[in-house]
Amino acid sequence: MINITLKDGSVRRYESGTSLLEMAFDISPRLAKETLVAKVNGRLVDLNTKLNGDAEVEFLTFDSEEGREAFRHSASHVMAQAVQRLFPGTKLAIGPAIADGFYYDFDSPHKFTPEEMEKIETEMNKIIKEDLPFTRVELSRDEALKNFGNRQEQYKVELVEDLPGDVVISCYRQGDFEDLCAGPHVPSTGRLKAVKLLNLAGAYWRGDERNKMLQRIYGTAFPKKAHLEEHLHRLEEAKRRDHRKLGVELDLFSIQEEGPGFPFFHPKGMILRNELLNFWREEHKKRGYDEISTPVILNRVLWERSGHWDHYRENMYYTKIDETDYAVKPMNCPGGMLVYKGRLHSYRELPIRMAELGLVHRHELSGTLHGLMRVRCFTQDDAHIYMLPSQIRDEIIGVIDLVDYFYKKFGFEYHVELSTKPEKAMGSDEIWEQATNALQEALESKGMAYKINAGDGAFYGPKIDFHLKDCLGRTWQCGTIQLDFQMPELFDLTYVGEDNQKHRPVMIHRVVFGSIERFIGILTEHFAGAFPAWLAPVQVKVMPITDRQLEYAEKVFRELDALGIRAELDARNEKVNYKIREAQAQKIPYMLVIGDREAAAGTVAVRHRGRGDLGAVELGRFTDEIVKEIKDRENSLACEH
RNA sequence: GCCGACGUGGCUCAGGGGUAGAGCAGCGCACUCGUAAUGCGCAGGUCGUCGGUUCAAAUCCGACCGUCGGCUCCA
């Protein structure tokens, strides 16, 4: 007999050789039905694993991350099986579980069409109905190579060849399908219940553009049909929050064929943008930043000196002025350096925090453009901090705190990554290590969780990146802090120290919003267009019910306007219902309905876009409250619209 | 840039070899109305661009441009 300790600490005794699934069934038939994989002494395994000794066991259902992953991963195997049944000769690349589903990359002479996704789905449902057990087979490297070689699965052969020497090589079979896989998997295909294939895309083998482009099919899977429906419904909802759609509906911005990736901001978008910048300027002034502005076009010599000419060439735009080469700035730093160099600096001045709302242009690949999120020109809320080596830690922490303050203000959740030295980099390994350590120490002293993003630093230094989510859960880098020992060297930046000698300052590049454009995109999706009053392009809509109240409504409007409230008067000869509907669609925070009663009493009937009819109040009371709400930059809830 | 799909009035979409259709928005008229669409009328499109096939192309074919979903890249 063996002793099995469960998650709750209870101990059960089973005969040696009992499988996990049998144990789950013994605990409760329902658990046996819902559990997908198990953790034995902390290691993930299949449920048909038989135990021969004492162990700590945790059963994992779809509610756990590991359970979901095994579930979706199993679905990807079923999809691969379906594809190979329907399209013999299709080669398998990789097929992992991802955040909300799974994908599989295929290499096939046949080009899959969207219509065929349904066929594949039907075949998958057949396989699910067949309820084929997933069985694990461990094999030696040679056996694995021979096996996949015989099946002409060259991608699998390549994967096996690259596996480290000490790893156990395993395959999973269901029916006549076999795939190289570490596992674990759910017990059988019948567990999958609800699968849906979502889209079709190209993807390079191993993510390298020099490799062959494969065909990737994305899908998702749930243990219950209702959950799948719910998920698909959520995706539909998310589309309604898409900033590209809301950008048109709310008339914030547009992108024209004449300038792909170069957004146009409309009057309402500019109000939003300027409010963000007002907030930004106030907060930066408080924190000791000065603001500068540097030119968009600068001489080639500058870009050669900064390293951009060598390391960033393919992302830049060029022009000639009087037979001399110039480039459009892709970054603000070189211009900023020139301002610093303009005069001598004493150690007493440091740190110098020099901010710039700089418009940069970058040649991004056409296929990557995406609304305001990825564009070819954008405004960075940049700043360069020049400092003594002894000030590095505090300055980095100061920026981390600033970013945190900004994101919390809008109610954003974010995650942090530390990006290290890329292949194409300037400077010695020692300097990179020193800079990377400084960033790491700052993160650790703040107790922040972060993920290492190896090889993703800027060419001149490592960086801390702050990532925000869009409506579909895709993440976008916004804030970043980059520690740079290169530029001060290249530009021969100095300060005069206590010893009256020249010394090299260290510098930080940092942005908080990242790109104003991208931030507005994220903000739009976060609030689903229902911006808090301080950001809303129109804050109040005044709507007389008939033209009898027009005179009083105009008076109300003038009063709001005089207080600096962004108000509009809807004097059109339309029903209130119609006016309200339109104002709601425009997500205007406050509507003031003005009828005979209000005109007589000097009140306004307040309707809030999220809270509905709030009843009549004295005009003065309403203005006092909204003025305070705007001044304090109060955040309404994102769910309100 | 690469793979795939798509491109019809301001927006959402129908049509699909014989020279364009709806709803919403816009404009005009009537209705004077109490918390998400009043009715009637009018106007608006060389069907992304260029080329080809055809007696005839929005429709079929090709190239290009743009958009969307990914890959790659990045704020």
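The shown structure was predicted, so the numbers you read here are calculated from the model rather than taken from an experiment. Every chain is numbered from 1 and lettered A, B, ... according to where its sequence line falls, protein lines coming before strand lines.
- Distance check on atom P: B:C60 versus B:G17 gives 7 Å, rounded to whole Å.
- For the residue pair A:Q215 and A:S108, no side-chain donor N or O sits within less than 3.5 Å of a side-chain acceptor on the partner.
- For the C1' atom pair drawn from B:G52 and B:C68, the interatomic distance equals 28 Å after rounding to whole Å.
- In this structure, A:Y218 reaches the sugar-phosphate backbone alone: every heavy-atom distance under 4.0 Å involves primed, P, OP1 or OP2 atoms, never a base.
- Between the C1' atom of B:C73 and the CZ atom of A:R210 lies a distance of 14 Å, rounded to the nearest Å.
- For B:C74, neither phosphate oxygen OP1 nor OP2 lies less than 4.0 angstrom from any side-chain nitrogen or oxygen of A:K463.
- Side-chain contact of A:T220 with A:D100: a donor-acceptor pair under 3.5 Å is absent, judged by distance alone.
- Remark on RNA chain B: of its neighbouring residues A:D456 and A:K245, the 5'-side contact belongs to A:K245, judged by nearest-heavy-atom nucleotide.
- As rounded to the nearest Å, B:U54 and B:U67 have P atoms that lie 35 Å from one another.
- At a cut-off of 3.5 Å, with distance as the only test, a side-chain donor of A:Y590 or A:E629 sits close to an acceptor on the other residue.
- A:R273 places its CZ atom 13 Å from the C1' atom of B:A75, with the value rounded to the nearest Å.
- When rounded to the nearest whole Å, the span between CZ of A:F459 and P of B:C73 equals 17 Å.
- Distance from the side chain of A:M213 is smallest for B:C3 among the nucleotides B:U72, B:U32, B:C3.
- Side-chain atoms of A:E364 stay outside donor-acceptor range of the base of B:G1, with no qualifying N/O pair under 3.5 Å.
- The base of B:U35 is not paired with the side chain of A:N577 by any donor and acceptor separated by under 3.5 Å.
- No side-chain donor from either of A:Y204 and A:R206 sits under 3.5 Å from a side-chain acceptor of the other.
- For B:G69, the OP1/OP2 oxygens have no side-chain nitrogen or oxygen of A:Y103 closer than 4.0 Å.
- A:L200 places its CG atom 13 Å from the P atom of B:C71, with the value rounded to the nearest Å.
- Checking A:H509 against A:D484 by side-chain atom types alone, a donor-acceptor pair falls below 3.5 Å.
- When rounded to the nearest whole Å, the span between CG of A:N199 and P of B:G4 equals 15 Å.
- Using the six-membered ring where Trp is involved, A:F265 and A:F253 have ring planes that are tilted, between 30° and 60° apart.
- Base engagement by A:V375 is indicated by at least one non-hydrogen atom pair under 4.0 Å involving a base atom.
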Checklist outcome for this item: Output field dot_bracket for RNA chain B (Watson-Crick or G-U, both distances under 3.5 Å, | for other-strand pairs) contains (((((((..((((....[..)))).(((((.......))))).....(((((..]....))))))))))))....

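- Distances were taken from every side-chain heavy atom of A:S515 (C-beta onward) to each of B:A75, B:G70, B:G1; the shortest belongs to B:A75.
- The side chain of A:R374 sits closest to B:A75 out of B:U32, B:G1, B:A75.
- Remark: ring of A:F378 stacked against base of B:A75; centroid gap under 5.5 Å, plane tilt under 30°.
- Checking A:F466 against A:I580, the closest nucleotide of RNA chain B that is more toward the 5' end is the one next to A:I580.
- At a cut-off of 3.5 Å, with distance as the only test, a side-chain donor of A:E116 or A:H110 sits close to an acceptor on the other residue.
- Taking the six-membered ring for Trp and the full ring otherwise, the centers of A:Y104 and A:F102 sit at least 6.0 Å from each other.
- Taking atom CG of residue A:D547 and atom P of nucleotide B:A30, one finds them 12 Å apart after rounding to whole Å.
- A sub-4.0 Å separation between OP1 or OP2 of B:G1 and a side-chain N or O of A:H363 is absent.
- In the displayed structure, A:K119 atom NZ is contacted under 6.0 Å by at most 12 heavy atoms of other residues, nucleotides or ligands.
- Residue A:S366 places at least one side-chain N or O under 4.0 Å from the OP1 or OP2 atom of B:G1.
- Within residues 247-265 of chain A, the residues approached by RNA chain B to less than 4.0 Å at the level of any non-hydrogen atom are A:E257, A:P260, in residue-number order.
- Shown here for A:H266 and A:S254, the closest heavy-atom pair between the two residues is NE2-OG, 2.8 Å.
- Within 4.0 Å (heavy atoms only), A:M373 reaches at least one base atom of the nucleic acid.
- With A:L592 as the fixed residue, the side chain to side chain contact (heavy atoms under 4.5 Å, CB included) test singles out one of A:V617, A:V604, A:T603, A:D570: A:V604.
- Here the nucleotide nearest the side chain of A:I545, chosen from B:G34, B:C73, B:G26, is B:G34.
- Across all strands shown, A:G207 has heavy atoms under 4.0 Å from sugar-phosphate atoms exclusively, and none from any base.
- A:R474 has a side-chain polar atom (N or O) that falls below the 4.0 Å cut-off from OP1 or OP2 of B:G70.
- In this model, the phosphate group of B:C3 is not approached by any side-chain N or O of A:Q215 to a distance below 4.0 Å at OP1 or OP2.
- Under the 4.5 Å side-chain criterion, counting only non-hydrogen atoms from C-beta, A:D381 is not in contact with A:F519.
- Nucleotides B:G21 and B:C3 place their C1' atoms 35 Å apart, quoted to the nearest Å.
- Residue-level contact check: A:G514 touches the backbone only, with heavy atoms under 4.0 Å from sugar-phosphate atoms and none from bases.
- Across all strands shown, A:R607 has heavy atoms under 4.0 Å from base atoms, whether or not it also approaches the sugar-phosphate.
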Item to check | Chi angles and distances behind the side chain to side chain contact (heavy atoms under 4.5 Å, CB included) call for A:T475, A:H415 | outcome: CA-CA 9 Å; A:T475 64; A:H415 82 264; 4.0 Å; yes

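- Side-chain contact, A:K463 with A:T420: no donor N or O sits under 3.5 Å from an acceptor N or O.
- Among the atoms of the strands shown, only primed sugar atoms or phosphate atoms (P, OP1, OP2) are found under 4.0 Å from some heavy atom of A:K111.
- Checking A:T379 against A:R273 by side-chain atom types alone, a donor-acceptor pair falls below 3.5 Å.
- Nucleic acid contact class of A:D596 (heavy atoms, under 4.0 Å, all strands): base.
- Within 4.0 Å of A:E598, counting heavy atoms only, lies at least one base atom of the nucleic acid.
- For A:Y204 against B:G1, a side-chain N or O and a base N or O form a donor-acceptor pair under 3.5 Å.
- A:K579 has its NZ atom 13 Å from the P atom of B:C33, to the nearest Å.
- Among the protein residues, A:A583 comes within range of no part of the nucleic acid, since none of its heavy atoms lies under 4.0 Å from any strand.
- Residue A:D613 is in base contact, counting any heavy-atom pair closer than 4.0 Å across all strands shown.
- Dashed line: the shortest gap from a side-chain N or O of A:R244 to OP1 or OP2 of B:G69 is under 4.0 Å.
- In this structure, A:V511 reaches neither bases nor backbone, as no heavy-atom distance under 4.0 Å exists between it and the strands shown.
- Going from atom CG of A:L365 over to atom P of B:A75 covers 14 Å, rounded to whole Å.
- Counted by atom type alone, A:H243 and A:E525 present one or more donor-acceptor pairs between their side chains at under 3.5 Å.
- The side chain of A:Y578 has B:U38 as its nearest neighbour among B:U38, B:U32, B:A75.
- Of the residues in residues 548-556 of chain A, A:R548 come within less than 4.0 Å of RNA chain B through at least one heavy atom, sorted by number.
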